[in-house]
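For reference, the structure is listed below as structure tokens.
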Amino acid sequence: MKRILVLGAGFVAEPLVEYLSRRNENQITVASHLLQEAQSLASKFDGVEAIEINVTDHDALVSKLNSCDLVVSLVPAPFHAGIAKACIDSKVSMVTASYESEEMRELSEQIAEAGITVLNEIGLDPGIDHLSAMQIIDDAHEKSEEVVSFVSWCGGLPAPEFNNNPLGYKFSWAPKGVLMALLNEAQYLHQNKAIVVGSDSLMDWAQPLSIADLNLEGYPNRESISYKNVYGIEEAQSILRGTLRYHGFSEIIKGAYQLGLLATEEVSINSKDWQTFVCEINEASEIKDISGNISSDAFEALSWLGCFSDKLITAKSSAIDIFCDLLIEKLQYLENETDMVVLQHKFVLRKPDGKEYCISSTLKAIGEAGGYSAMSKTVGYPAAIAAQLILDGNYKQKGLRLPVTKDIYEPILKALTEESIVCEEKIFDSSEINPSEFLSELN
């Protein structure tokens with residue numbers, strides 16, 4: 001019997017539990033701070049138990065983990081270090097889909113001493129992106145080839161037929177995390193030079209992209225340069241990891257930024273409706289006084305959202321929180337609407353004879369109407385497969401780990417193929433495409 005504790009019962013958890021429940025020997029417990037939420041998920045599968053648990057209660061968590069073989073944590077990332085401490089005390093391995101935090105790295109020695117595996121970053125991005133990139137990188141290195149340039153794009157979007165609002169975006173969860181990510185500077189490497197993009201110019205950087213026959217745009221994520229070390233590509237001259245959106249998104253978000261709608265500072269709001277609120281934070285008398293401060297496309301889109309209407313606002317402590325309430329109301333997925341995930345890596349590789357060629361690896365996944373979303377599948381299934389590999393003893397590495405070695409990326413990519421989650425590779429030699437044209441976003 002393999003005893004698995006799943007912390008969190010959100011929308012990503014269901015495909016994970018479904019995958020793990022395919023094995024009769026897996027005894028699964030779903031835990032949430034809301035018992036009803038855990039029960040709702042558990043009731044969909046035979047033999048799955050539901051419990052209520054507070055993941056910040058160390059003793060209660062250790063007590064439960066003492067009767068488990070592995071924990072999969074799908075709760076928000078800030079809780080993971082505390083859960084890892086409980087795993088250390090109970091000597092139970094752990095899997096998460098979240099980025100490896102500095103707090104988690106500080107536990108690295110204790111994790112190793114406990115003789116357990118703590119595997120982070122095994123979802124979509126991060127996760128499948130690591131797996132597919134490392135497969136190409138290792139293959140190149142085995143042939144004594146060099147990685148000259150590496151660019152990676154990923155985004156969760158509405159499926160094309162449901163791209164029916166000006167932003168080209170919809171939210172499956174609270175939008176504040178998405179907006180807050182736009183307030184950070186980004187760093188990437190271009191021709192061995194570190195490029196810094198300030199938060200106030202991130203949306204200006206956005207480049208048009210055509211991926212999988214889609215009209216998209218991309219902008220850089222927070223920090224790309226460290227992937228020289230993570231991926232073992234110290235020879236790389238250019239590295240960029242970025243986020244995908246439908247074309248036009250950045251122009252509208254830039255307008256919201258310019259009007260102060262992304263401001264995080266606490267403010268005392270006297271306005272009761274949107275038009276007076278926007279005027280108040282911009283110290284204007286009328287909307288027409290500020291309409292020229294942003295592009296016409298941004299103004300039209302923000303008008304569609306209701307930012308200049310007499311719609312009542314919900315009082316919050318900051319402008320961004322008030323804006324998030326509006327986004328939640330206007331940009332939700334409706335019943336039977338589906339999402340889409342797009343991931344693409346682009347490599348320029350150099351052979352030992354000095355000749356260069358290009359490789360693209362592209363994943364496009366569409367959610368199922370009335371079923372799993374593309375995002376939940378591409379996050380939940382990799383985490384579940386990794387958990388099963390650890391439980392079966394087929395992934396033997398102990399300590400704090402990322403899924404960047406062949407012993408984990410090969411079996412997970414193979415298992416994902418069986419779930420119709422496939423990265424399709426294309427190879428272009430120098431006669432077909434110039435590397436600078438291939439990576440036009442870096443020009």
Side-chain angles (χ1 to χ4, degrees), residues 125 128-155 157 160 186 188-195 197 205-221 224-225 227-247 340-366 404 406 409-410 413-414 416-417 420-443:
D125 177 7
I128 295 176
D129 56 346
H130 295 332
L131 311 176
S132 53
M134 286 309 305
Q135 185 176 54
I136 294 171
I137 290 167
D138 282 349
D139 181 65
H141 284 168
E142 287 171 7
K143 294 184 290 188
S144 299
E145 297 175 351
E146 293 183 342
V147 176
V148 178
S149 301
F150 167 63
V151 171
S152 178
W153 298 107
C154 188
L157 301 161
Y188 65 95
L189 189 71
H190 181 43
Q191 296 180 353
N192 289 319
K193 181 181 179 181
I195 307 295
V197 183
W205 189 100
Q207 302 289 318
L209 299 165
S210 178
I211 300 175
D213 298 321
L214 298 165
N215 186 22
L216 305 174
E217 62 186 26
Y219 51 85
N221 288 344
S224 299
I225 301 174
Y227 284 86
K228 261 182 176 273
N229 180 53
V230 173
Y231 288 171
I233 48 174
E234 296 296 335
E235 74 275 18
Q237 300 169 20
S238 299
I239 302 176
L240 169 65
R241 284 167 50 90
T243 298
L244 290 174
R245 296 288 183 257
Y246 279 116
H247 181 70
M340 172 180 65
V341 162
V342 179
L343 166 66
Q344 185 176 75
H345 297 318
K346 295 199 283 188
F347 289 90
V348 175
L349 303 171
R350 181 179 294 136
K351 297 178 180 181
D353 63 5
K355 293 182 179 179
E356 294 183 352
Y357 69 103
C358 306
I359 293 181
S360 68
S361 174
T362 307
L363 166 67
K364 179 181 176 182
I366 303 290
V404 293
K406 186 176 293 189
Y409 70 66
E410 279 192 342
L413 287 172
K414 180 180 179 182
L416 286 173
T417 299
S420 299
I421 298 173
V422 180
C423 298
E424 297 185 359
E425 293 183 13
K426 292 183 179 180
I427 301 175
F428 309 90
D429 64 32
S430 56
S431 67
E432 294 177 284
I433 190 167
N434 186 293
S436 63
E437 294 175 3
F438 185 68
L439 295 181
S440 60
E441 54 265 61
L442 289 177
N443 295 337

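- Tyr246 approaches Leu216 most closely through the heavy-atom pair CD2-CD2, 3.7 Å.
- Using a 4.5 Å cut-off on side-chain heavy atoms (C-beta onward), Trp153 and Val342 make no contact.
- Here Tyr227 and Phe150 keep their ring centres 6.0 angstrom or further from each other.
- Taking the side chain as every heavy atom from C-beta outward, Val197 and Tyr219 never approach each other to under 4.5 Å.
- Atom CD of Glu356 sits about 10.0 Å away from atom OG of Ser436, to the nearest 0.5 Å.
- Judged purely by atom type and a 3.5 angstrom limit, Lys143 has no side-chain atom pairing as donor or acceptor with the backbone of Lys351.
- Within the 4.5 Å cutoff, side-chain heavy atoms of Leu209 are placed close to those of Leu244.
- Residue Glu432 qualifies as enclosed at atom CD: its count of foreign heavy atoms under 6.0 Å is above 12.
- In this structure, CD in Gln237 is found 8.5 Å from CG in Leu189, a value given to the nearest 0.5 Å.
- Glu234 places a side-chain heavy atom less than 4.5 Å from the side chain of Asn229.
- Residue Thr362 holds its OG1 atom at 3.5 Å from CD of Gln344, rounded to the nearest 0.5 Å.
- Rounding to the nearest 0.5 Å gives a distance of 13.0 Å between CD1 of Ile239 and CD1 of Ile195.
- From Lys406, atom NZ reaches atom OH of Tyr409 across 4.5 Å, with rounding to the nearest 0.5 Å.
- With hydrogens and angles disregarded, no donor-acceptor distance shorter than 3.5 Å links the side chain of Glu424 to the backbone of Val422.
- The side chain to side chain contact (heavy atoms under 4.5 Å, CB included) search around His141 returns Ile137, Val147, Ile233, Glu235, not counting sequence neighbours.
- No more than 12 heavy-atom neighbours from other residues, nucleotides or ligands sit within 6.0 angstrom of CG on Asp213.
- Ring geometry for His190 versus Tyr188: interplanar angle of 30 to 60°, hence tilted.
- Nearest heavy-atom pair across Trp205 and Gly218 is CZ3-O, 3.4 Å.
- Here the shortest heavy-atom pairing between Pro160 and Ile366 reads CD-CD1, 4.4 Å.
- You'll find the side chain of Leu416 reaches within 4.5 Å of the side chain of Leu131, heavy atoms only.
- Test Ser132, Ser360, Ser361 against His345 for side chain to side chain donor-acceptor pair (under 3.5 Å) and you get one pass: Ser132.
- Applying the 6.0 Å contact sphere to NZ of Lys193 captures no more than 12 heavy atoms from other residues, nucleotides or ligands.
- Side chain of Ser152 to backbone of Arg241: no donor-acceptor contact under 3.5 angstrom is found.
- Closest approach of Ala236 and Lys228 over heavy atoms only: O-NZ, 2.9 Å.
- Pro435 places none of its side-chain heavy atoms less than 4.5 Å from the side chain of Val148.
- Side-chain contact between Leu240 and Leu439: absent, with no pair of heavy atoms (C-beta onward) separated by less than 4.5 Å.
- Between Leu442 and Ser238 the shortest side-chain heavy-atom distance falls below 4.5 Å.
- Rounding to the nearest 0.5 angstrom, the gap separating the CG atom in Asp125 from the CG atom in Asn221 is 6.5 Å.
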